[in-house]
Engineer: 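The structure follows.
Scope of the values below: all heavy atoms of this structure, side chains included, with no hydrogens, waters or symmetry mates.
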Amino acid sequence: MTTTNETQGLNFLQEIIEEDRRTGKHAGRVHTRFPPEPNGYLHIGHAKSICLNFGLAQQYGGKCNLRFDDTNPVTEDTDYVESIQRDVKWLGFDWEDRKYFASDYFPKLYDFAVELIKQGKAYVCSLSPDEIREYRGDFTTPGRDSPYRNRSVDENLDLFHRMRSGEFPDGAHTLRAKIDMTSPNPVLRDPPIYRIRHAHHHRTGDAWPIYPLYDFAHCLSDAIEGITHSVCTLEFENRRVLYDWIVDNLIKGDRPYQYEFSRLNLNYTVMSKRKLLKLVNEGFVSGWDDPRMMTISGLRRRGFTPKSLRDFATRVGVSKTQQLIDMGVLELCIREDLNETAPRAMAVLRPLKVVLENYPEGQVEQLEVQNHPQKPEMGTRQVPFMRELYIEADDFMEDPPKGFFRLAPGKEVRLRSAYFIKCEKVIKDAAGNVVELRCSYDPATRGGNAPDGRKVKGTLHWVPGNAPTAEVRLYDRLFSMEDPEADEKREFTEFINPDSLQVLRDARVEPMLADAPAESRFQFERQGYFYVDPKDSKAGKPIFNRTVTLKDSWTKEQGKGGK
RNA sequence: UGGGGCGUCGUCUAAUGGCAGGACAUCAGACUUUGACUCUGAUUAUCAAGGUUCGAAUCCUUGCGCCCCAGCCA
């Protein structure tokens, strides 16, 4: 209790930046970058990084670059470059005129490498990959110097030049930084910084037979762009000494520094690009934008909003501790946004026919229904009401348990914004399945209130008997296991949730929904938020993707009492 | 096993020597023409053991646990 003036503390990166500004480091500048490799689609972990990098720049009046870290031509592709830009923009961030490619720096990086050779700090090594590994040693045994370690500067220059001119086959030589083969940190055991790859690059084509490696390219790209705070994830922490070694040797004056934060993990999903790629390539999902994928494009197609993802990034915070975020947090973010903005509608997913025996045959009345219960400014719409209707099959039970507020023989419920109805008779098919309900309605309850003051516990959604059908896709978590990667003996794909997608082709929707434009969002009352699929919907034939369910304390309650 | 990093409610995250706070989740209740939303209340944490101090999540020591590193990937 007491006063609640507690200021939310700064995260550790904000503290570093504020300290840097106090001390005048980087002349007070803040310049970050988001540096994806274009070898896959961005996922929600990247969304965290995007929000962090662009957010920090925004907060401190700085800039954030978009930089493609495209130094490995064999895995990269322009399709990925396109998707990444689409995703960053959609999330709501703007790199303005600062879209860069590490590949644009190839000439400069080459010159830096030459400079390092001249300083006697890099050499051309002619060991094979296997030999390099062997010479490197392991955690407990130090590495041994390469026999090529002491080549002269002139010889190194000559060899490196010939590597660049394409004289040697792949793998014949590497350029290595000359640091310390006995370092306890294997990263410093003369790491290769250039390799020969006769491969076509998505931007530079066949201009280069050699390509720089990450450690060399990344820090120097940062320096070239005037980055001040180079923020990356924790697994790069070991490499920071190498980052500093390279920058110290080649950059004079203001220089970038690397800081690491912990990457995002979410339960019931996988996050690595390798695994996402496997899901796509082996057909476990329909593509990178399958709505079950935690890719930005998948979440977009599922119906998530940019705002909800930004909110999510804020809520999970920034730190160096391992984080495994509960899927519930993501769901909270999208529900909170859509609750405010999504107009309500009625759709019956699994229809059960209801005939109102005392309602005049052929009569149709238009009932006025609110588009949002808390926001009258969102207006109203008309929904036709008639003798034959559909309700949700789940909303009827012939022999209901205690606490069931919905329809049952002899019980009365309200039809949302319509009338009270009472179940008079249950009609079954030969197999004993309930196929139709005969009900009566109370004409005095039009609009949903009884003039005699009697109450009903349940309010059901419904659609008229002539409601159009629509396809509805119900998505659930892709994995049925909290950590699909936990079991090392089993492939994570074994834990895919068989019910992660349910397609309902005979759902009935209120008439207005038949004209719902692609990418529009609705709350189907009592069920969840839905998004009109932008790819598969056709004019007049929308397909609804379930973004997220509504919270459901009834089902939860049911789950408790056994079963 | 060598090196690096990290340990605060179930999950995230604050507190920077001075009342361990917030969010999510959970539970209970109020409200309700969505068993939604909203509102109210409640439970739950400083990895362990020593030490320094009037006072320790915070400083020191020793353990323990988890994560990362042995690609010519990023």
Engineer: Would you say A:K551 places a side-chain N or O within less than 4.0 Å of OP1 or OP2 belonging to B:U34?
Structural biologist: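 Negative; the distance criterion is not met.
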Engineer: Salt bridge check: are A:E225 and A:R67 linked by an N-O gap of less than 4.0 Å?
Structural biologist: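 The answer is yes: the pair qualifies as a salt bridge.
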Engineer: It should be established whether A:R195 places a side-chain nitrogen or oxygen under 4.0 Å from OP1 or OP2 of nucleotide B:C73.
Structural biologist: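 Yes, A:R195 has a side-chain N/O under 4.0 Å of OP1/OP2 on B:C73.
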Engineer: Does A:K273 place a side-chain N or O at less than 4.0 Å from the phosphate oxygens OP1/OP2 of B:C73?
Structural biologist: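 Answer is no, no contact under 4.0 Å.
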Engineer: Over how many whole Å does the gap from A:L324 atom CG to B:G65 atom P extend?
Structural biologist: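 Distance check: A:L324 CG to B:G65 P gives 21 Å.
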Engineer: A:S553 near the nucleic acid: base, sugar-phosphate alone, or nothing, with a heavy-atom cut-off under 4.0 Å?
Structural biologist: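 Here A:S553 touches the backbone only, sparing every base.
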Engineer: Is it the case that the side chains of A:S126 and A:R151 hold a donor-acceptor pair, with the cut-off being a distance below 3.5 Å and no angle test?
Structural biologist: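 There is such a pair (donor and acceptor under 3.5 Å, judged by atom type) between the side chains of A:R151 and A:S126.
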Engineer: Counting the atoms with a prime plus P, OP1 and OP2 as sugar-phosphate, which does A:T459 contact under 4.0 Å by heavy atoms, base, sugar-phosphate, or nothing?
Structural biologist: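 Sugar-phosphate contact only.
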Engineer: A:R239 has a side chain; which of B:A74, B:G5, B:G7 sits nearest to it?
Structural biologist: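 Between B:A74, B:G5, B:G7, the one nearest the side chain of A:R239 would be B:A74.
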Engineer: Classify A:S183 by what it touches in the nucleic acid, base, sugar-phosphate, or nothing, heavy-atom distance under 4.0 Å.
Structural biologist: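 Nothing, no nucleic acid heavy atom in range.
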Engineer: So which one's nearest nucleotide on RNA chain B is more toward 5', A:K457 or A:E76?
Structural biologist: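 Taking each residue's closest nucleotide, the earlier one in sequence belongs to A:K457.
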Engineer: When you measure from the side chain of A:N72, which nucleotide among B:A70, B:G7, B:A74 comes out closest?
Structural biologist: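 Nucleotide nearest to A:N72's side chain: B:A74.
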Engineer: How about NZ on A:K278, more than 12 heavy atoms from neighbouring residues, nucleotides or ligands closer than 6.0 Å, or not?
Structural biologist: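 Yes, enclosed.
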Engineer: Should A:F405 be counted as stacked on B:G35, where stacking needs a ring-centre gap under 5.5 Å and an angle between planes under 30 degrees?
Structural biologist: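 Yes; centroid distance and tilt both under limits.
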Engineer: Scan A:Q523 against the nucleic acid and name what it touches under 4.0 Å (heavy atoms): base, sugar-phosphate only, or nothing.
Structural biologist: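 The residue A:Q523 makes base contact.
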Engineer: Does a side-chain N or O of A:Q323 approach OP1 or OP2 of B:U13 to a distance below 4.0 Å, or not?
Structural biologist: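 A:Q323 to B:U13 OP1/OP2: side-chain N or O found under 4.0 Å.
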Engineer: Take atom CG of A:N371 and atom P of B:A36, then tell me their distance rounded to the nearest Å.
Structural biologist: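 My rounded result for the distance is 21 Å.
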Engineer: So what does A:T140 hit on the nucleic acid, given a heavy-atom distance under 4.0 Å: a base, only sugar-phosphate, or nothing?
Structural biologist: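 A:T140: base contact, heavy atoms under 4.0 Å.
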Engineer: On the nucleotide B:A70, are OP1 or OP2 found under 4.0 Å from the side-chain N or O atoms that A:R189 carries?
Structural biologist: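 For B:A70, OP1/OP2 do not have a side-chain N/O of A:R189 under 4.0 Å.
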Engineer: Check whether the side chains of A:T140 and A:D138 place a donor and an acceptor atom closer than 3.5 Å, and report yes or no.
Structural biologist: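 Their side chains do contain a donor-acceptor pair, which is all the 3.5 Å distance test asks for.
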Engineer: Any idea which of B:C72, B:A25, B:C6 is nearest the A:L332 side chain?
Structural biologist: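 For the A:L332 side chain, the nearest candidate turns out to be B:A25.
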Engineer: Between A:F139 and B:U1, do the rings stack, that is, sit under 5.5 Å apart with planes less than 30° off each other?
Structural biologist: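 No; by the centre-distance and plane-angle rule, A:F139 does not count as stacking on B:U1.
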Engineer: OP1, OP2 of B:G35 versus side-chain N and O of A:R526: anything below 4.0 Å?
Structural biologist: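 Yes, within the criterion.
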Engineer: Hey, does A:S319 reach any base, or is it just sugar-phosphate, or nothing, if we go heavy atoms under 4.0 Å?
Structural biologist: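 Sugar-phosphate, no base atom in range.
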Engineer: Considering every strand and a 4.0 Å limit on heavy-atom distances, what is the contact class for A:F68: base, sugar-phosphate, or nothing?
Structural biologist: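 It contacts nothing in the nucleic acid.
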Engineer: At 4.0 Å (heavy atoms only), tell me whether A:P373 reaches a base, stays on the sugar-phosphate, or touches nothing.
Structural biologist: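 Base, at least one base heavy atom under 4.0 Å.
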Engineer: Return the pairing partner of B:A48 with a 3.5 Å limit on both distances, Watson-Crick or G-U wobble; otherwise return none.
Structural biologist: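 Across any shown strand, B:A48 pairs with B:U62.
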Engineer: Among residues 164-173 of chain A, which ones have heavy-atom contacts with RNA chain B below 4.0 Å?
Structural biologist: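 Here the set is A:G171.
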Engineer: Does B:C6 have OP1 or OP2 under 4.0 Å away from a side-chain N or O of A:S262?
Structural biologist: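 Answer is no, no contact under 4.0 Å.
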Engineer: I'd like to know if A:D311 and A:R315 make a salt bridge, using a cut-off of under 4.0 Å between side-chain N and carboxylate O.
Structural biologist: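 Looking at A:D311 and A:R315, the cut-off is met.
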Engineer: Checking contacts here: which listed nucleotide (B:G35, B:G3, B:C72) is nearest the side-chain heavy atoms of A:F404?
Structural biologist: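 The answer is B:G35.
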Engineer: A:L234 side chain: which of B:C72, B:U34, B:G5 is closest?
Structural biologist: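 The nucleotide sitting nearest to the side chain is B:G5.
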Engineer: So A:R133, base contact, sugar-phosphate only, or nothing? Heavy-atom distance under 4.0 Å.
Structural biologist: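 The answer is sugar-phosphate, as A:R133 gets under 4.0 Å only of primed atoms, P, OP1 or OP2.
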Engineer: Any side-chain N or O of A:R136 less than 4.0 Å from the OP1 or OP2 oxygen of B:G71?
Structural biologist: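 For B:G71, OP1/OP2 do have a side-chain N/O of A:R136 under 4.0 Å.
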Engineer: Assign A:R344 to base, sugar-phosphate, or nothing according to its heavy-atom contacts below 4.0 angstrom with the strands shown.
Structural biologist: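 Result for A:R344 = base.
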Engineer: Whether A:E412 and A:K422 form a salt bridge (side-chain N of Lys/Arg under 4.0 Å from carboxylate O of Asp/Glu) is what I want to check.
Structural biologist: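 Looking at A:E412 together with A:K422, the answer is no, because their closest N to O distance does not fall below 4.0 Å.
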Engineer: Give a yes or no on whether A:K375 atom NZ has more than 12 heavy-atom contacts from other residues, nucleotides or ligands under 6.0 Å away.
Structural biologist: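 Correct, the count exceeds 12.
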Engineer: Which part of the nucleic acid does A:L367 contact within heavy-atom distance under 4.0 Å: base, sugar-phosphate only, or nothing?
Structural biologist: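 If one applies the 4.0 Å heavy-atom cut-off, A:L367 turns out to touch nothing in the nucleic acid.
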Engineer: To the nearest angstrom, how far is A:R416 atom CZ from B:A36 atom C1'?
Structural biologist: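 Computing the A:R416:CZ to B:A36:C1' distance gives 10 Å.
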Engineer: Establish, from distance only, whether the side-chain atoms of A:T445 and A:R414 form a donor-acceptor pair under 3.5 Å.
Structural biologist: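 Their side chains do not contain a donor-acceptor pair, so the 3.5 Å distance test is not met.
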Engineer: Check A:E392 with A:R526, please: is the shortest side-chain N to carboxylate O separation under 4.0 Å?
Structural biologist: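 No, this pair does not count.
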Engineer: Contact class for A:N339 (heavy atom, under 4.0 Å): base, sugar-phosphate, or nothing?
Structural biologist: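 Touches sugar-phosphate only.
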Engineer: Give a yes or no on this: more than 12 heavy atoms of other residues, nucleotides or ligands lie within 6.0 Å of atom NZ of A:K320.
Structural biologist: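 More than 12 heavy atoms, drawn from other residues, nucleotides or ligands, come within 6.0 Å of this atom.
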Engineer: Among residues two or more places apart or on two chains, list those pairs meeting salt bridge (Lys or Arg N to Asp or Glu O under 4.0 Å) that have a residue in residues 69-78 of chain A.
Structural biologist: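 Listed by first then second residue: nothing to list.
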Engineer: So, does the side chain of A:N238 form a donor-acceptor pair with the base of B:G3 at under 3.5 Å?
Structural biologist: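 Under the 3.5 Å cut-off, the side chain and the base do form a donor-acceptor pair.
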Engineer: Please compare A:K320 and A:T445 by the position of their nearest nucleotide in RNA chain B and report the one closer to 5'.
Structural biologist: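 Nearest nucleotide further toward 5': that of A:K320.
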Engineer: Does the side-chain ring of A:Y214 lie flat on the base of B:A74, meaning centres under 5.5 Å and planes less than 30 degrees apart?
Structural biologist: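 Whether judged by distance or by angle, A:Y214 falls short somewhere, so it does not stack on the base of B:A74.
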Engineer: What contact category does A:D69 fall into here, base, sugar-phosphate, or nothing, at under 4.0 angstrom with non-hydrogen atoms?
Structural biologist: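 Sugar-phosphate, no base atom in range.
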Engineer: Of the nucleotides B:A70, B:G3, B:G5, which has the atom closest to the A:N185 side chain?
Structural biologist: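 When the side chain of A:N185 is considered, B:G3 is the closest of B:A70, B:G3, B:G5.
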Engineer: Measure from CZ on A:R197 to C1' on B:G71 and round the result to the nearest Å.
Structural biologist: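 So the CZ-C1' distance, A:R197 to B:G71, works out to 9 Å.
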Engineer: Under 4.0 angstrom, heavy atoms only, what part of the nucleic acid is A:I132 near: base, sugar-phosphate, or nothing?
Structural biologist: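 Base contact - A:I132 has a heavy atom under 4.0 Å of at least one base atom.
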Engineer: Side chain of A:Q374 only, heavy atoms from C-beta on: which candidate in B:C6, B:C37, B:C69 is closest?
Structural biologist: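 Closest of the options to the side chain of A:Q374: B:C37.
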